[in-house]
Amino acid sequence: MKKIMMTCAAVTLGAGGALAEGELNVYNWSDYIAEDTIANFEAETGIKVNYDVFDSNEVLEAKMLTGSSGYDVVVPSIEFMARQAQAGVFAEINKDALSNYGNLDPQILEILAVNDPDNTHGVPYMMFTTGLGYNVQAVSERIDADKIGSWDMIFDPETAAKLADCGIAVLDSPSEIMAPALNYLGIDPNSEDKADLEKATDLLLSVRPHIRYFHSSQYINDLANGDICVSVGYSGDVLQARDRAAEANQGVEVAYAIPKEGGQVGFDMLAIPDDAPNAENALKFIDYILKPEVAAAVTNYVYYANPNTAATEFVDEEVRNDPGIYPSKDVQANLFSLRPHTPRYDRSLTRAWTTIKTGQ
Ligand code: N2P
């Protein structure tokens, strides 16, 4: 009898040993990691990862502000992270636990520190631009060449009307659509002025009849299949659509343009909720992502630029030379970034967005 019990104990201990590394709950954007990143991390560390996805900052923010999300690593854009950090939802990043932190581009850290003083609450993951994805043939059949790659495709009623039949999609992201709408009107994209918001709302209402839907990830497949011909989209997502279209070999060619009038450049941050159940594993994961080969593999797979200087040599040459992923200096000069909204502006924006979406 004693012998049997001892065997049981040994088995339990063995299983317990395997579980000792514990778990990690990650909440990331959809289509934002390489195919094997999570599996490789699990194999290297013995940590079991539960991986969920979202496609908008607003969805993530609602979860963060409610608390007890159960997540250990989340990925807000910097301007959203800044507000959430002020609300106290994130732990401070223990940089001493991140042996690969020095791989990050110091210039980028400096830019981010404007919104996250001393880079306290977040580690940059990937960089993106928000621009125009389009079906090359469908669009050139309908509008003049000089309109292609211009915000006119979305914001000019005459141009948008010509594209309506082949399908226009717009991100369901109030801040990321209102900003280029303001910019298109020659107004500061970060203006929180009430009259400016009204002007941008009117602009969007004027093209609303030509917009097929508002969604923040559906456009990838729809562009690739030829079900829509234009979408406001995130750089890497549109470029993934371009690949899917090429693979499907049905004659659909997708292209990405950073609009000539300028567009948004953004940063998504790895952050650890204050109530993360596995905070130590969260740091292990962040340190893993900071390895040059790992960051480069993500970039090579999802076509988003990373802020990891040491990773550059592992990024495929065609990715490094793709101006949609790494914009030229001239194009960069024309990009704008978003500042955190005040709660007051945010409420007005949410109201305006409902008006725009319902078209009233
Ligand atoms: C990934 C989108 C990430 C860029 N699908 C927007 N933050």
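In what follows, residues are counted from 1 in the order of the sequence shown. Numbering of ligands and ligand atoms starts at 1, following listing order.
Look at Arg83 and Asp346 and you find a salt bridge, because one of the NZ, NE, NH1 or NH2 atoms lies within 4.0 Å of a carboxylate O, short of that distance.
Annotation: side chain of Asn225 is not in contact with side chain of Val252 (no heavy-atom distance under 4.5 Å).
Distances from ligand 1 to the non-hydrogen atoms of Ser30 include at least one value under 4.0 Å.
Note: Phe41 and Phe285 have perpendicular aromatic rings, judged against thresholds of 30 and 60 degrees for the angle between ring planes. Ring orientation note: the planes of Tyr32 and Tyr125 are nearly perpendicular, at an angle over 60° on the 30°/60° scale.
Of the protein's non-hydrogen atoms, Tyr304 OH, 3.5 Å is the one closest to atom 2 (C) of ligand 1.
Close N/O approach between Asp237 and ligand 1 is found [any backbone or side-chain N/O within under 3.5 Å].
Annotation for ligand 1: atoms under 4.0 Å from non-hydrogen atoms of Asp268 are 3 (C), 4 (C), 6 (C), 7 (N).
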